[in-house]
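See below for the structure under consideration.
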Amino acid sequence: MTESVGTNELLKDNFALSVVTWQEKFGRHHLPWQHSGAYATWISEIMLQQTQVETVINYFKKFMTQFPNIAALANANIDEVLAIWSGLGYYARARNIHKSAQMIVNDFDGKLPSNIEDLMKLPGIGPSTAGAIMALGHKHYGVILDGNVKRILSRCFGRHLDGQSHHAQKQLWQLSYWVTPEKNCHIYTQGIMDLGSSVCHKLHPQCNQCPIQSICYAHKYNITPHLPYPKVKKNKPSFTKHLVIPYHQGKLGLMKRPNTGIWGGLWVPFILDELPKEISTFRTYHSIKHIFTHQTWIIKPLLANDHLDQIEHWFYPEDALQLGIPKPVRDVIEIIHHDQINTLQEVE
DNA sequence: AATTCGGGGTG
DNA sequence: CACCCAGAATT
């Protein structure tokens with residue numbers, strides 16, 4: 001038994017050391033949020049939730065320019081934050097990050113907490129993001145469990161698990177805590193993510209470049225692409241939505257969505273399941289297919305000359321484009337803007 | 001334990 | 001077209 005534990009300790013240390021050594025040679029060291037302090041780490045980690053690095057980079061730079069520190073973010077209006085976030089998706093992240101900044105000013109002396117418990121009191125920071133902030137931002141001990149880590153651990157240690165189940169989550173967290181080293185924790189943490197994204201791919205893993213190939217269970221049994229087990233697929237319903245845009249004297253009528261549900265807090269026109277019988281259509285545009293995580297919308301945009309009395313806020317298209325608006329709404333308004341510059345004329 | 005939150009990249 | 005991505009909150 002003692003010998004078995006000793007062997008496991010060697011395996012664990014071999015794993016962590018191999019990842020650290022690999023990271024120093026082949027990992028990423030010049031991402032925009034690296035070497036920029038814990039605030040930058042926090043913002044980047046929120047943006048990177050379920051979002052790829054390449055997508056995040058430009059949003060991150062714009063965000064840091066507009067909100068260079070926690071105080072600036074706390075003092076901003078939520079609409080400014082959502083405007084920067086516009087197009088990135090998962091807009092609760094923007095609302096949470098703004099609320100968190102105000103909580104930090106009010107409850108944490110204006111400084112990002114440097115312990116797991118306080119970090120997880122902030123909305124939008126769960127266990128993995130808190131671990132990443134601890135390790136990457138504060139250079140303390142912190143444990144993460146993201147898609148990269150799940151894939152590497154399930155392969156290397158032979159966990160034939162559905163990555164979704166509660167049981168699997170628990171085991172993978174246990175594994176991640178076990179392998180994460182106290183020494184060079186931040187290098188290891190960056191390394192395991194870089195390894196997952198650049199070597200241990202889902203479909204075509206580059207095992208010949210992998211520093212832990214010799215201890216990898218999946219490689220030993222030649223089943224690397226088959227782990228982890230795929231999630232159970234769910235069918236995605238499709239809906240038609242009429243995007244009824246009030247139009248008057250060159251301006252578009254928009255309203256702010258409530259802070260819950262799809263596109264919470266963003267500016268949108270009417271989104272209707274069915275077109276009203278009596279509607280004065282000024283102009284229609286081609287349909288847009290918009291795919292969410294769990295449903296698909298066929299969006300049919302049109303400019304309408306009525307329902308005007310219900311609208312409190314009117315914007316010229318170029319001004320509307322500066323608001324926090326969802327991607328397909330942006331696409332439609334850009335078309336309208338272009339249209340308007342060239343030919344669009346309102347008939348009285 | 002399952003669903004709900006965007007949008008883009010990739011095969 | 002289907003799946004995944006530096007997940008968390010909600011039910």
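Nucleotides C:dC3 and B:dG6 place their C1' atoms 15 Å apart, quoted to the nearest Å. Across C:dA6 and B:dG11, the matching C1' atoms stand 23 Å from one another, rounded to whole Å.
Under the 4.5 Å side-chain contact rule for hydrophobic residues, A:Val329 and A:Leu323 share a cluster.
Looking at heavy-atom distances under 4.0 Å, A:Trp42 makes no contact with the nucleic acid at all. In this structure, A:Val56 reaches neither bases nor backbone, as no heavy-atom distance under 4.0 Å exists between it and the strands shown. No engagement by A:Ile144 is indicated, since no non-hydrogen atom pair under 4.0 Å with the nucleic acid exists. Using a 4.0 Å heavy-atom criterion, one finds that A:Gly87 contacts the sugar-phosphate atoms exclusively. Across all strands, A:Tyr90 comes closer than 4.0 Å to base atoms (heavy-atom distances).
Of the candidate nucleotides B:dT4, C:dC5, B:dG7, B:dG7 has the atom lying nearest to any side-chain atom of A:Pro326. Comparing atom distances between the A:Thr51 side chain and each of B:dG6, B:dG8, C:dA6 picks out B:dG6 as nearest. For A:Lys202, taking side-chain heavy atoms from C-beta onward, the closest of the listed nucleotides C:dC4, B:dC5, C:dA8 is C:dC4. Picking from C:dG7, C:dC5, B:dG7 the nucleotide with the shortest atom distance to the side chain of A:His290 gives B:dG7. Candidate nucleotides C:dA8, B:dG6, C:dC1 were compared by shortest atom distance to the side chain of A:Lys289, and C:dC1 ranks first. Side-chain atoms of A:Ser128 lie closest to C:dG7 of the nucleotides B:dG7, B:dC5, C:dG7. The listed nucleotides are C:dA6, B:dG6, C:dA8; the one nearest the side chain of A:Tyr91 is B:dG6. Across C:dA6, C:dA8, C:dC5, the shortest atom-to-atom separation from the side chain of A:Pro127 is found for C:dA8. Nearest nucleotide to the side chain of A:Lys327, out of B:dG6, C:dA8, B:dG7: B:dG7. The nucleotide whose nearest atom lies closest to any side-chain atom of A:Ile262 is, among B:dC5, C:dA8, C:dC5, B:dC5.
A donor and an acceptor atom, one from each side chain of A:Gln190 and A:Asp194, are located under 3.5 Å apart. Under the 3.5 Å distance criterion, with hydrogens and angles disregarded, a donor-acceptor pair is assigned to the side chains of A:Gln295 and A:Trp297. Residues A:Asn148 and A:Arg151 bring a donor and an acceptor atom of their side chains to less than 3.5 Å of each other.
Checking the phosphate oxygens (OP1, OP2) of C:dC5, a side-chain nitrogen or oxygen of A:Arg151 falls inside 4.0 Å. Of the side-chain N and O atoms in A:His166, one or more sit less than 4.0 angstrom from OP1 or OP2 of B:dA1. Using a 4.0 Å cut-off, some side-chain N or O of A:His294 falls inside it from OP1 or OP2 of B:dC5. Remark: A:Gln50 is in phosphate contact with C:dG7, judged by side-chain N or O atoms under 4.0 Å from OP1 or OP2. Of the side-chain N and O atoms in A:Trp263, one or more sit less than 4.0 angstrom from OP1 or OP2 of B:dG7. Side-chain nitrogen and oxygen atoms of A:Thr129 include at least one within less than 4.0 Å of the OP1 or OP2 phosphate oxygen of C:dA8.
Inter-residue side-chain proximity for A:Val268 and A:Leu254 is flagged as unmet; no heavy-atom pair is nearer than 4.5 Å.
Side-chain rings of A:Trp33 and A:Phe60 approach one another, their centers coming within less than 6.0 Å. Annotation: A:Phe292 is in aromatic contact with A:His290 [ring centroid separation under 6.0 Å].
Judged by atom type and distance alone, A:Arg28 reaches the base of C:dA6 through a side-chain donor-acceptor pair under 3.5 Å. The base of B:dG6 is paired with the side chain of A:Thr293 by a donor and an acceptor separated by under 3.5 Å.
As a whole-Å value, the separation of A:Asn96 CG from C:dG7 P is 16 Å. In this structure, the CD atom of A:Glu45 is 15 Å from the P atom of C:dC5, given to the nearest Å.
When the nearest nucleotides of DNA chain C are assigned to A:Lys236 and A:Pro123 by heavy-atom distance, the more 5′-ward of the two goes with A:Lys236. The residue among A:Met120 and A:Leu31 whose nearest nucleotide of DNA chain C lies closer to the 5′ end is A:Leu31.
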